[in-house]
Amino acid sequence: MSGHEHEHMPLKTYFIIYGALLCLTVVTVGVSVIGLPSTLSIVVAMCVAAVKGVLVATWFMHLKYDRKFNVFIFVASFWFMAVFFIFTMTDISSRGDILAVTGNFEQRMDAAVASQAFEAASGDMSPEELGQMLYSGKGCVGCHSLDGTKRVGPTFKGLYGREEVMTDGTKLTVDDAYIKESILQPQAKIVEGYAPLMQELDVSEDEIAALTTYIKTLK
Amino acid sequence: MNANEGGAAANADRNPYLAHHFMDKFQQDDAVKMGMWLFLVQELLFFGGLFMAYISMRFYYPETFLQEAMAHLDWRLGAINTIALLTSSLTMALAVRAAQQGKQKQLVPLLAVTAVLAVVFMGIKYFEYSHKIHDGLMPGIFYAGESLSAVEAVNHAPQIFFSVYFMMTGVHGLHVLIGIGLIGYLMWRATKGELNEDNYSFVDNVGLYWHLVDLIWIFLFPLLYLVK
């Protein structure tokens, strides 16, 4: 029942709880000074804090002697807090993935639109013009410059016929076969000084031919 | 107990602190205490929002929280404040016990020690706050610490750390101030002899409030001062 006057906690208990709380404070500070790995450190600190919280609630707040319904109210609040924390955390920690997925999706949509435009215009435009359209439509423009600037990938300026050094040390001269391979299997060969960041994209044989023709014009 | 058969004799026996709509003092104390617990739980959920803000901001800016907390928060001051609050929690619990047992001579000094420790806590808080305000370590747009480029303000964002810091410790500090007021009021009532074994419910509930303030600080201290 609620703290009625006949249910006194022995005086000793108060001081034992107080001593335990001080010891746990020393533990928390000690753990922090030792310098555990960040995640472990937070977990330990929160566990110690939770134990301290239970000590305060059970004895200083007399929950041990209180009505069971008041205990229920108190514990229920932690249940609601857990729901709040877990769902919010799940949301926050997965936002990066969603951005990556939608980013990739948009890129593919743009690539598909570019393919439709390519087919529609293939009778009317020269291969160079078609290649130029694909250069922006398929997203090459994002990483490969036309003016010689180094971006995420090597520049297209003077690419055809250039001798490139690969990350494995081999040298090769850029020709039709290399361009085709680089588009279909972007990770097969990486030029020295660049990261393997290019994604595989849907590019047809005709489109590769048009792009190659366009790249040849970029002197 | 039937109100009709009570008469003058029963009214004389009636506890002067018993409100007319309660059967007896036990029923009244139980009802008041349950109301207090509901209030405390609401407080916990309210602080839960601030803790969630801390977790999400730390998730977005892990290095900022590490660097700013280590550079600008002194764990020793935090530790002293922790000990001050824990000790005040003990004296408050002992004050509630003294009130329940009708030990009037113990009650006022115990409440006084509790209040003094709370003032010590706020004094250290004042020292910490004025130091940070002097260094321009302010929340949000008020931040005037080191000059930040636009990129740093977005990527490193110390102003966000100080938003979280001032909001959490500020709201907690406000609770401590209210606690000091309540304990002062208890002392005033106690000196008039109005808080005794027949009427200790108010002491009991202020005690619960005070322990909750301590409980919240138990979590704030490691999260803000001991980040590594």
Side-chain angles (χ1 to χ4, degrees), chain A residues 1-5 7-9 11 13-15 17-18 21-22 24-26 28-29 31-38 41-42 44-46 48-53 55-57 59-63 66-67 69-78 80-82 84-85 88-89 91-93, chain B residues 25-26 29-30 32-34 36-38 40-45 47-49 51-52 55-56 58-60 62 66 75-76 78-79 82-83 86-87 89-94 96-97 100-102 197-198 200-201 204 207-208 210-212 214-216 218-223 225-228:
Chain A
M1 305 301 286
S2 76
H4 296 156
E5 54 234 276
E7 291 182 75
H8 292 309
M9 212 162 82
L11 196 60
T13 312
Y14 288 94
F15 288 95
I17 298 301
Y18 177 62
L21 288 170
L22 286 186
L24 287 169
T25 305
V26 173
T28 319
V29 173
V31 165
S32 155
V33 170
I34 295 168
L36 292 174
S38 192
S41 163
I42 297 169
V44 172
M46 286 302 97
V48 174
V51 173
K52 287 168 83 175
L55 290 181
V56 170
W59 282 283
F60 279 1
M61 294 172 101
H62 295 129
L63 265 186
D66 210 333
R67 274 187 182 282
F69 190 68
N70 288 346
V71 179
F72 170 74
I73 292 172
F74 186 63
V75 173
S77 78
F78 287 93
F80 285 113
M81 210 129 53
F84 172 46
F85 278 32
T88 314
M89 255 343 269
D91 173 23
I92 289 170
S93 62
Chain B
K25 198 66 178 32
F26 289 164
D29 288 354
D30 273 350
V32 169
K33 200 168 195 181
M34 192 180 91
M36 192 63 197
W37 273 109
L38 286 170
L40 294 184
V41 156
Q42 170 279 131
E43 290 273 272
L44 279 176
L45 294 176
F47 273 96
F51 279 105
M52 193 62 237
I55 295 169
S56 53
R58 188 166 170 181
F59 182 83
Y60 282 128
L66 232 68
W75 69 267
R76 285 161 298 189
T82 305
I83 292 166
L86 287 177
T87 313
S89 235
L90 172 74
T91 53
M92 190 72 222
L94 292 176
V96 172
R97 184 186 149 94
Q100 282 176 350
Q101 295 182 342
E197 61 266 50
D198 291 330
Y200 62 82
S201 177
D204 201 9
L208 287 179
W210 191 250
H211 296 310
L212 188 91
D214 181 29
L215 203 144
I216 289 162
I218 285 173
F219 284 88
L220 282 180
F221 171 55
L223 284 177
Y225 290 82
L226 300 176
V227 187
K228 269 195 177 170

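Every value quoted in this text rests on a predicted model; they were computed, and no experiment measured them. Worth knowing before you read on, the calculation uses all heavy atoms, side chains too, and leaves out hydrogens, waters and symmetry mates. Order of the sequence lines fixes the chain letters, A, B, ..., with proteins taken first and strands second; residue numbering starts at 1 for each chain.
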Using non-hydrogen atoms only, which part of B/Ser56 is less than 4.5 Å away from chain A: side chain, backbone, both, or neither? both
Segment of A/Leu63 engaging chain B (4.5 angstrom heavy-atom cut-off): side chain
Comparing A/Val29, A/Leu21, A/Val56 against chain B, the one with the most heavy-atom pairs below 4.5 Å turns out to be A/Val29
Listed partners of A/Phe74 passing ring-ring contact (aromatic ring centres under 6.0 Å, His included), at least two apart: A/Phe78, B/Trp37
Any side-chain heavy-atom pair from B/Tyr225 and B/Leu220 closer than 4.5 angstrom? no
Looking at B/Leu40, B/Thr87, B/Leu45, B/Leu208, which one has more heavy-atom pairs under 4.5 Å with chain A than the rest? B/Thr87
Winner by heavy-atom pair count (cut-off under 4.5 Å) against chain A, out of B/Asp214, B/Leu94, B/Ile83: B/Leu94
Does any backbone or side-chain atom of A/Leu24 lie under 4.5 Å from a heavy atom of chain B? Answer side chain, backbone, both or neither. neither
Can you check side chain to side chain contact (heavy atoms under 4.5 Å, CB included) on B/Phe47 and B/Phe219, steps first, answer last? CA-CA 11 Å; B/Phe47 273 96; B/Phe219 284 88; over 6 Å; no
Of B/Met92, B/Met36, B/Gln42, B/Arg58, the largest count of non-hydrogen pairs under 4.5 angstrom with chain A goes to B/Arg58
So, are B/Lys25 and B/Asp198 salt-bridged, with charged N and O less than 4.0 Å apart? no
Across all chains, not counting sequence neighbours, the ring-ring contact (aromatic ring centres under 6.0 Å, His included) partners of A/Phe72 are A/Phe69
